[in-house]
Amino acid sequence: MLNRQGRPTAPQAHGVADPAAGMGDEAARLQGDASRATPGAGSHPTFTGNKALAQIEPLLFEIGRYDVTGVDLDEPEDFKPRLGGLERKDEIGLPGLSEPEAMRHYVRLSQMNYGIDTGLFPLGSCTMKHNARLNERMARLPGFSDVHPLQPVSTVKGALELMNELGRYLVTLTNMTTVALSPKAGAHGELCGMMAIKAAIEARGEGKTRNVVLVPDSAHGTNPATAALIGFVVRPVPAREDGWVHVEDVKKLLGPDVAAIMLTNPNTCGLFENQVAEIAKAIHDAGAYFYCDGANFNAIVGKAKPGDLGVDAMHINLHKTFSTPHGGGGPGSGPVVLSARLAPFAPVPFVTMKDGELTLVENAADADESPFGRMTAFHGQMGMYVRALSYMLSHGSDGMKQASEDAVLNANYIRASLSDLFSQPFGDKPCMHEVLFDDTWLKDTGVTTLDFAKAMIDEGYHPMTMYFPLVVHGAMLIEPTESESKTSLDLFIATLRDLAMSAKKGDTARFTGAPYHAPRRRLDETRAARNPILKWTPPAPIAEAAE
Ligand SMILES: *Cc1c(COP(=O)(O)O)cnc(C)c1O
């Protein structure tokens with residue numbers, strides 16, 4: 001296992017023991033992990049390797065036994081297999097655990113996890129905001145949580161009404177013409193919007209000639225990836241000193257071969273694109289479309305409408321802007337709003353009003369317009385729809401506007417409180433909902449952005465987004481969201497200030513070995529990414545282990 005290789009010993013400067021460092025051979029053996037045993041290291045080793053409530057947790061496969069099963073099933077009666085010789089011959093190799101063992105395993109793992117429910121989550125561009133429990137309650141209503149996508153339409157009218165209402169809100173908040181609800185993430189929404197653009201260009205008979213998409217250097221990686229995936233050539237728009245995209249730069253790249261621009265607004269530097277309307281006009285004058293990456297919509301809900309800025313397609317990450325627990329792979333939802341020019345190409349399925357009743361259009365052939373096709377097998381993430389609409393209805397229009405204002409205020413509060421110590425790459429100007437620092441201020445300290453982030457973990461904070469956007473050296477992108485109180489922001493700011501002072505005073509040990517207190521120490525992230533070990537291999541053949 002990657003995380004057991006090269007376990008570093010704790011530096012004495014901080015007197016912090018590695019969590020598993022004190023575990024003796026016997027405890028390690030009982031916990032199914034002999035490789036953990038490094039007795040005697042650290043200042044106060046425990047027999048188990050646990051540190052009070054911080055318990056170490058081996059893999060399920062390491063603690064399970066292969067000769068028992070945790071459930072009491074009757075022996076099956078003799079039966080004739082119908083798998084035509086394809087039935088499994090070997091043991092299945094699943095670990096046997098009792099119910100409390102299995103339950104404790106997962107509860108312990110969950111306790112090692114950091115989430116928005118445990119603390120401030122300043123991950124920039126992710127909008128990790130509090131998810132009001134009311135939204136959860138609504139999503140669990142049986143009429144929403146138990147519906148099956150193949151149920152007859154006549155039995156799910158309430159769900160359709162909710163989808164229709166959510167769509168109406170999204171279209172109103174953005175001042176666009178229609179919405180495709182089915183995409184299941186922001187990146188999937190980008191694909192949907194760009195496929196609508198492609199369909200529109202093909203309908204104009206320019207499918208062969210317009211094949212270039214302009215993407216600023218600071219864009220999220222999903223933007224160029226999406227364009228390339230459906231056969232567009234990506235032409236980068238170079239970054240400028242001030243963090244904005246300039247209309248002259250865009251104009252220079254425009255021509256009859258350009259299909260679209262993919263622009264993020266507010267952009268990934270935390271700035272509102274101040275020439276967005278001029279850029280939209282230039283794009284339209286050249287016969288191209290304006291795709292807006294709307295992942296940062298949280299900064300402008302109720303303040304600015306993308307439709308008014310000339311946007312033709314924009315995805316909305318419901319799981320960012322409109323709450324929903326996300327991160328760690330939780331479900332997402334990325335509806336795409338479309339302008340009048342692209343609306344005819346919206347994919348199926350969609351909800352529509354027919355003879356005074358809501359119904360679903362499932363097949364492109366049944367649509368009056370020209371859908372480009374279908375993004376998903378079914379209709380999308382119902383649970384996210386419910387949470388998002390619940391968020392909207394409980395906030396109201398004034399509340400949604402205030403949420404954006406507070407998100408921007410909170411980010412600027414952090415910016416102003418740190419600006420004497422941290423350096424901002426684009427000058428000392430106000431930001432939107434997230435504040436971007438670079439690593440100029442860490443020069444000659446021996447501490448990198450990565451070290452700094454790791455030290456934040458020791459202080460009980462999830463690190464901010466690091467090294468993104470790529471155009472900023474050693475980027476630190478902090479997004480507190482509106483859901484943090486001033487008290488929690490003050491503690492966060494005080495912590496970052498304390499860390500910054502340590503770095504400037506030369507206390508590199510606090511950083512370069514961090515995190516000292518996390519269940520896992522610093523991992524070889526490059527190796528994990530380049531050479532991921534995704535399959536568990538038993539230390540000894542299962543048959544032997546079962547003896
Ligand atoms: C999150 C994000 C995306 C992608 O959204 P997913 O839901 O993660 O697929 C795209 N662009 C930006 C700027 C983002 O922050």
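Given the structure is predicted, the values throughout are model-derived calculations rather than measurements. Atom set for the values below is all heavy atoms of this structure, side chains included, hydrogens, waters and symmetry mates excluded. We count ligands from 1, going down the list as the structure has it; atoms in each ligand are counted the same way.
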**Request:** Would you check, one step at a time, whether the test side chain to side chain donor-acceptor pair (under 3.5 Å) holds for Thr487 with Asp490?
**Result:** CA-CA 5 Å; Thr487 316; Asp490 283 338; 5.9 Å; no

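In this model, a donor atom of one side chain and an acceptor atom of the other lie less than 3.5 Å apart for His220 and Thr222. Side-chain atoms of His473 and Asp439 include a donor-acceptor pair closer than 3.5 Å. Between the side chains of Asp406 and Gln402, at least one donor N or O lies within less than 3.5 Å of an accepting N or O.
In this structure, the ring of Phe121 has its center less than 6.0 angstrom from the ring center of Tyr114. Taking the centre of each ring, Phe452 and Phe437 stay at or above the 6.0 Å mark.
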May I have the N/O to N/O pairs between ligand 1 and the protein that fall below 3.5 Å, each with atom names and distance to one decimal?
{"unit_1": "ligand 1", "atom_1": "5 (O)", "unit_2": "Asn317", "atom_2": "ND2", "d": "3.0"}
{"unit_1": "ligand 1", "atom_1": "7 (O)", "unit_2": "Gly186", "atom_2": "N", "d": "2.7"}
{"unit_1": "ligand 1", "atom_1": "7 (O)", "unit_2": "Asn317", "atom_2": "ND2", "d": "3.1"}
{"unit_1": "ligand 1", "atom_1": "7 (O)", "unit_2": "His319", "atom_2": "NE2", "d": "2.7"}
{"unit_1": "ligand 1", "atom_1": "9 (O)", "unit_2": "Gly186", "atom_2": "N", "d": "3.2"}
{"unit_1": "ligand 1", "atom_1": "9 (O)", "unit_2": "Ala187", "atom_2": "N", "d": "2.8"}
{"unit_1": "ligand 1", "atom_1": "11 (N)", "unit_2": "Asp293", "atom_2": "OD1", "d": "3.3"}
{"unit_1": "ligand 1", "atom_1": "11 (N)", "unit_2": "Asp293", "atom_2": "OD2", "d": "2.6"}
{"unit_1": "ligand 1", "atom_1": "15 (O)", "unit_2": "Ser125", "atom_2": "O", "d": "2.8"}
{"unit_1": "ligand 1", "atom_1": "15 (O)", "unit_2": "Ser125", "atom_2": "OG", "d": "2.6"}
{"unit_1": "ligand 1", "atom_1": "15 (O)", "unit_2": "Lys320", "atom_2": "NZ", "d": "2.8"}

